[in-house]
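Following: one structure in structure tokens, then a few remarks.
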Amino acid sequence: MMNGHIALSQSQMGIYLECLERQGELCYNLPYLYVFDLSLDAKRLCCAVEMAIKAHPTLFTKLALNDEGIPVQYICEEPLQLSIERLEDGDFMKYVKPFQIVGDRLFHVHLLQDDEHFYLLWDCHHIINDGMSLQILLHDIETAYNGGTIAPEETTLADAVEQEAALRASEAHEAGRQWFAET
């Protein structure tokens, strides 16, 4: 790691390259819509979502190009202040927009309300998020809403990249590569 910038994992690099070919398109967006009844406390819901997001700094991962033009990632926490927006037309897809893979914050969150429901619209780029990560975030939102304490993020993308690099440098990995090359 140099100046807080780390390399991409192999899977992240594959996603990154695919996104370069499809700039301006919905590519690797993971949008989810959660529907809640109006019995929830709107202010508490906003605070719970903010607290859960802030407990996971990896969500604030951004990509940049280093001096050699190679993509790297770093965490750039930005202020986050949510409020409930009025949903008039029921068009949730207008909130799902393509991510600019380099330099953009790689998640969008919207709290919406119509006459019948609250909605949490979560859209995150797959390069920093997957289904398991989303389940953890949702659990943390529920915990925060109910007044509980959220455990800090245990493993970051930087940790995962370092673990992958160590595994790729191991004798076992090289033995596996050779075995596959021979079969």
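Judged by distance alone, the side chain of Asn129 and the main-chain N or O of Leu59 form no donor-acceptor pair under 3.5 Å. Here the side chain of Asn66 pairs a donor or acceptor atom with the backbone of Glu68 at under 3.5 angstrom. The closest donor-acceptor contact from the side chain of Asp91 to the backbone of Met93 lies under 3.5 Å. For the pair Tyr32 (side chain) and Cys124 (backbone), a donor-acceptor distance under 3.5 Å is absent. Within the 3.5 Å criterion, the main-chain N or O of Ile127 finds a donor-acceptor partner in the side chain of Gln12. For Glu85 (side chain) and His110 (main-chain N/O), no donor-acceptor pair under 3.5 Å exists by modelled atom type. With hydrogens and angles ignored, the 3.5 Å screen pairs no side-chain donor or acceptor of Glu77 with any backbone N or O of Pro57.
With a 6.0 Å radius and a threshold of 12 heavy atoms from other residues, nucleotides or ligands, Glu154 has its CD atom at or below the threshold. Within 6.0 Å of atom CD in Glu25, more than 12 heavy atoms from other residues, nucleotides or ligands are found, so the atom counts as buried in its surroundings. A 6.0 Å sphere centred on NE2 of His139 holds no more than 12 heavy atoms belonging to other residues, nucleotides or ligands. Around atom CZ of Arg177, no more than 12 heavy atoms belonging to other residues, nucleotides or ligands sit under 6.0 Å away. More than 12 heavy atoms of other shown residues, nucleotides or ligands fall within 6.0 angstrom of atom NZ in Lys94.
Residues Ile84 and Phe118 are in side-chain contact: their nearest non-hydrogen atoms beyond the backbone lie under 4.5 Å apart. In this structure, Ile101 and Tyr28 have side chains that are not in contact, with every pair of non-hydrogen atoms separated by 4.5 Å or more. Annotation: side chain of Leu167 is not in contact with side chain of His173 (no heavy-atom distance under 4.5 Å). Contact of the Leu112 side chain with the Phe92 side chain is registered, since non-hydrogen atoms from C-beta on lie closer than 4.5 Å.
Counting all heavy atoms, side chain and backbone alike, Gly24 lies closest to Pro98 at O-CG, 3.3 Å. Nearest heavy-atom pair, Ile141 versus Ala52, reported as atom, atom and distance to 0.1 Å: CG1-CB, 3.5 Å. In plain terms, the two heavy atoms of His125 and Ile15 that are nearest each other are CE1-CG2, 3.7 Å. Across Asp37 and His117, no two heavy atoms sit closer than the pair CA-CD2, 4.4 Å.
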### Audit row: Phe60, Phe107, ring-ring contact (aromatic ring centres under 6.0 Å, His included) steps and yes/no
CA-CA 8 Å; Phe60 292 93; Phe107 74 90; 5.4 Å; yes

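A side-chain N or O of His56 and one of Asp140 form a donor-acceptor pair less than 3.5 Å apart. A side-chain N or O of Asp130 and one of Ser133 form a donor-acceptor pair less than 3.5 Å apart.
Below 30°, between 30° and 60°, or above 60°: for His108 and Phe99 the angle between ring planes is below 30°, a parallel geometry. Between Tyr74 and His5, the ring planes are tilted. Angles from 30° to 60° get that label.
Following chains of ILVMFWY side-chain contacts shorter than 4.5 Å, one cannot reach Val109 starting from Leu87, and the two form parts of different hydrophobic clusters. Side-chain heavy atoms closer than 4.5 Å link hydrophobic residues (I, L, V, M, F, W, Y) into clusters, and following such links, even through other members, never connects Leu8 to Val72.
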